Amino acid sequence: MSEKIKTILSILIILVILPYIITYALQGNILFETGTDEPQESAENEEQTETLVGILAGQVAMDAPTEAIRAQAVLVRTEYLRRQEADEEQEQSLSMEEMASLWGSQNLQANYEIAKAAVTDTAGEVLTYEGSPIVTAFHKVSAGATRGAEHLNGGETPYLASASCGMDITSPDYLTVRFFSKKEFAQALGLSEDADFTDLTIDADQTGYVKTVQIENKSLTGDEVRNLLELPSPCFYIKEVEGRMRVVVKGKGHGIGMSQYAACKQAEEGAKHETILKYFFPGTMLEKI
């Protein structure tokens, strides 16, 4: 009789737990996960993350302060989204082989992890102005202040205003002096060999960046002179010294947007990437897409 009761009880137990066994078999261990909400989607998939990491790798040194690298990662993502929406060609994303060549194979893993952490830590974050991704701009070192760019690429960009960067004068790239023979100088700028350099006039903005250079009857923009003479920056001063043309240059890069050197200094002083971006791009919003 007792055996019969045991059998009945066993059958009842099986009938009670059978639905749970079937559910577990179909859904795996989800029944045993506690304290979780619905699965959250990542802001970026793995392919997008790898693309952003490859772009970031080519734009900033991985020994920079973490918050400065994060600020650069946001600029990378913002520019990527802006180009995507405008159907423009994307910036170059370095492959693993190219990163190894850039950093050295012995530093590849460590630097790659730093770059990927900056991308994932800021996942989805972009800078917008009036609801659209901004035109991002950055350079290595300013001339003591960034230059304003109220209009860039045909569009209004009030968020690219001049910003003071007094700490940039401590950069080893802050000051460069170049000498040219008069012949080299004239040829580079497309002038006649007997050009009168005493009739040279430079018009610069309040931060020192050259707007125009007037030599005899020829007018060139500061950026044109920078490119023709292969100067580090469009903030320069020209003077004839002992029969040669001396060009003193301040800063490295076009001088618009974020100074990477100043951003590093701000990060070293404890500034978060949100604060750094707000300083260099006033009026923008840091949004999470």
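As the structure is a prediction and not an experimental result, all values here were calculated from the model.
Between the side chain of Asp168 and the backbone N or O of Val141 there is no donor-acceptor pair closer than 3.5 Å. In this structure, Thr275 contributes its side chain and Ala271 its backbone to no donor-acceptor pair below 3.5 Å. Distance alone, capped at 3.5 Å, places no donor-acceptor pair between the Gln187 side chain and the Glu184 backbone. Glu269 contributes no side-chain N or O that, together with a main-chain N or O of Gln266, makes up a donor-acceptor pair within less than 3.5 Å. Not one N or O on the side chain of Thr157 forms a donor-acceptor pair closer than 3.5 Å with the backbone of Leu160.
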Open item on the list: Before you tell me yes or no, could you show the steps for Thr170 and Tyr261 under side chain to side chain donor-acceptor pair (under 3.5 Å), namely the whole-Å CA-CA distance, both residues' side-chain angles and the distance that decides it to 0.1 Å?
Closed with: CA-CA 9 Å; Thr170 63; Tyr261 187 85; 2.8 Å; yes
Task: Test log, rule side-chain contact (heavy atoms from CB on, under 4.5 Å), inputs Thr49 and Thr120 - done: CA-CA 7 Å; Thr49 297; Thr120 56; 4.2 Å; yes
Open item on the list: Please evaluate residues Arg83 and Glu79 with respect to the criterion salt bridge (charged side-chain N to carboxylate O under 4.0 Å, His left out), reporting the C-alpha separation (whole Å), side-chain torsions for both, the decisive distance (0.1 Å), and the verdict.
Closed with: CA-CA 6 Å; Arg83 293 191 183 203; Glu79 181 65 11; 2.7 Å; yes
- [ ] Evaluate the criterion side-chain contact (heavy atoms from CB on, under 4.5 Å) for residue pair Ile69 and Leu56; output intermediate values, then yes/no.
- [x] CA-CA 8 Å; Ile69 300 176; Leu56 180 64; 4.1 Å; yes
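Every residue two or more places apart in sequence or in another chain was checked for a side-chain contact (heavy atoms from CB on, under 4.5 Å) with Ser101, and none qualifies. Looking at residues two or more places apart in sequence or on another chain, you find a ring pair (Phe, Tyr, Trp, His ring centres under 6.0 Å) between Tyr159 and Tyr129. With sequence neighbours excluded, no residue satisfies salt bridge (charged side-chain N to carboxylate O under 4.0 Å, His left out) with Glu97. Applying the side-chain contact (heavy atoms from CB on, under 4.5 Å) criterion to Glu85, with sequence neighbours excluded, gives Leu81, Pro133. Residues satisfying the side-chain contact (heavy atoms from CB on, under 4.5 Å) criterion with Val210, sequence neighbours excluded, are Ile202, Val213, Phe236. Residues passing the salt bridge (charged side-chain N to carboxylate O under 4.0 Å, His left out) test with Glu268 are Lys265, sequence neighbours excluded. Taking the ring pair (Phe, Tyr, Trp, His ring centres under 6.0 Å) definition, one finds that Phe185 meets it with Phe197, sequence neighbours left out.
No side-chain heavy atom of Glu274 sits less than 4.5 Å from a side-chain heavy atom of Lys278. Proximity of Leu189 to Leu220: side-chain heavy atoms (C-beta onward) are separated by under 4.5 Å at one or more points. Residues Leu286 and Val74 are in side-chain contact: their nearest non-hydrogen atoms beyond the backbone lie under 4.5 Å apart. Residues Thr146 and Cys165 form a side-chain contact, since some pair of their non-hydrogen atoms from C-beta on lies under 4.5 Å apart. You'll find the side chain of Thr122 reaches within 4.5 Å of the side chain of Arg77, heavy atoms only.
When all heavy atoms of Ser142 and Ser259 are compared, the pair lying nearest together is N-OG, 3.7 Å. Looking at every heavy atom in both residues, Ala73 comes nearest to Ala118 through CB-O, 3.7 Å. Contact record, Ile256 with Ala149: CG2-CB, 4.0 Å, taken as the closest heavy-atom pair. Contact between Ala188 and Leu229 at its shortest, heavy atoms only, is CB-CD2, 3.6 Å. The two atoms that bring Glu44 and Gly124 nearest to each other are OE2-N, 3.1 Å, heavy atoms only. Taking all atoms of both residues into account, the shortest heavy-atom contact from Ser192 to Ala186 is O-CB, 3.6 Å.
For the side-chain contact (heavy atoms from CB on, under 4.5 Å) with Leu277, the qualifying choice from Thr78, Thr136, Leu127 is Leu127, the only one to do so.
Under the 4.5 Å side-chain contact rule for hydrophobic residues, Tyr174 and Val247 do not share a cluster. Cluster annotation: Ile289 and Val119 are assigned to distinct hydrophobic clusters (Ile/Leu/Val/Met/Phe/Trp/Tyr, side-chain heavy-atom contacts under 4.5 Å, transitive). No chain of hydrophobic side-chain contacts below 4.5 Å, direct or via other Ile, Leu, Val, Met, Phe, Trp or Tyr residues, connects Met167 to Phe280. When hydrophobic clusters are built by joining Ile, Leu, Val, Met, Phe, Trp and Tyr residues whose side-chain heavy atoms come closer than 4.5 Å, directly or via intermediates, Tyr209 is not grouped with Met258. Ile169 and Val177 fall within the same hydrophobic cluster, defined by Ile, Leu, Val, Met, Phe, Trp and Tyr side-chain heavy atoms under 4.5 Å apart, directly or through other members.
For the side chain to side chain donor-acceptor pair (under 3.5 Å) condition, the pairs that include at least one residue of residues 227-251, sequence neighbours left out, are Lys182-Glu240. Residue pairs meeting the salt bridge (Lys or Arg N to Asp or Glu O under 4.0 Å) criterion with at least one member in residues 122-141: none, sequence neighbours excluded. Within the structure, the salt bridge (Lys or Arg N to Asp or Glu O under 4.0 Å) test picks out the following pairs touching residues 197-224 (sequence neighbours left out): Arg147-Asp223, Asp203-Lys211. Within the structure, side chain to side chain donor-acceptor pair (under 3.5 Å) contacts touching residues 57-69 (residues at least two apart or in different chains) are Gln59-Gln72, Gln59-Glu91, Glu67-Arg70, Glu67-His273.
The distance from the CD atom of Glu287 to the OG1 atom of Thr128 is 3.5 Å, given to the nearest 0.5 Å. Here Met285 contributes atom CE and Ser132 contributes atom OG; the two are 13.5 Å apart, rounded to the nearest 0.5 Å. The distance from atom CZ of Phe138 to atom CD of Gln260, rounded to the nearest 0.5 Å, is 5.5 Å. In this structure, Ile55 CD1 and Gln92 CD are separated by 9.5 Å, a value rounded to the nearest 0.5 Å. Atom CG of Asp173 sits about 4.5 Å away from atom NZ of Lys252, to the nearest 0.5 Å. Atom-to-atom distance recorded for Lys116:NZ and Leu52:CG is 11.5 Å, nearest 0.5 angstrom.
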Less than 3.5 Å apart, which donor and acceptor atoms pair up between the side chains of residues 106-115 and the rest of the protein, not counting sequence neighbours?
residue, atom, partner, partner atom, Å
Asn107, ND2, Trp103, O, 3.0
Gln109, NE2, Glu113, OE2, 3.3
Tyr112, OH, Glu50, OE1, 2.5
Tyr112, OH, Glu50, OE2, 2.6

